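Counting starts at 1 for both ligands and their atoms, following the listed order. Since the structure is predicted, the reported quantities are computational estimates derived from the model, not experimental observations.
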Amino acid sequence: MDKELTPLDEDWERALCIVAHPDDMEFGAAAAVARWTGQGKQVTYCMVTSGEAGIDGMHPDQCRTVREAEQVESARIVGVDVVDFLGLPDGVLEYGVPLRRELAAEVRRHRPEIVITGNFTDTWGGQNLNQADHIAVGKAVLDAVRDAGNRWVFADQVSDDGLEPWGGVRAVWAFGSPSGRHAVDITDTFDAGVASLEAHRAYIDGLGWEGFDPREFLEGFARPPGSRMGTTYAAPFQVYPMGWGE
Ligand SMILES: [Zn+2]
């Protein structure tokens, strides 16, 4: 844990963030997004599900609407104007070709240089288990980025849907990964990240975590990587380069 973290490359203009659920970005990467949109970069969110199975006391039909609205607001707070909802079923996502197809189309539509997703390893470090949807999405993101560049993979998207192949993604970055070796200074945008998480009010209330304080929670994650980077706060990322020889 005492190893230094390498600053992330910030020489890019467009990023696409693909995560399983509303709130995923806000638990690990919203302050970093606020930094990047503040630099004039374009960041787009893609929610694979609408998190409709995320509140025990609320039926999915109602929950979907509530959570989509909260996500749009939390994105707005960090400078993200476009939030796509793919509408796949919350809680039961499967890694495989159908998911890769959906994500490849997203990559072809938005043509990002960087694709961001959440930690998709088995744990958050230690014994805290990751969740099945996060693992399915992260694995599919890595594949879909390569699928998107090959015109003969999901070729109907090119021949029938008006999409062009896009091979311009330089790297996939996973936030919250326990083995991340890179990070970004989020000291100046930390408050925006907190406000972005607070926008998930119904979800946070539904968790029933007594005394949950978004600021305190995010500080607990941002301070240790910050001290490894020599900043007050930082957000760590695992970098998966898409080229060879890096
Ligand atoms: Zn999630």
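Rounded to the nearest 0.5 Å, atoms CD (Glu198) and CD (Glu73) are 11.5 Å apart.
Angle OD1 (Asp24) to the Zn ion (ligand 1) to NE2 (His134): 110°, rounded to 10°.
No other N/O/S atom of His21 lies as close to the Zn ion (ligand 1) as ND1 does.
Both the sub-6.0 Å distance and the 45° axial angle are satisfied by Arg67 relative to the ring of Tyr203.
For Asp11 and Arg170, the salt-bridge test fails: no basic side-chain N is under 4.0 Å from an acidic carboxylate O.
Note on Asp23: not counted as a metal contact of the Zn ion (ligand 1), no N/O/S atom lying under 2.8 Å.
Not less than 6.0 angstrom separates the ring centroid of Phe120 from the ring centroid of Tyr95.
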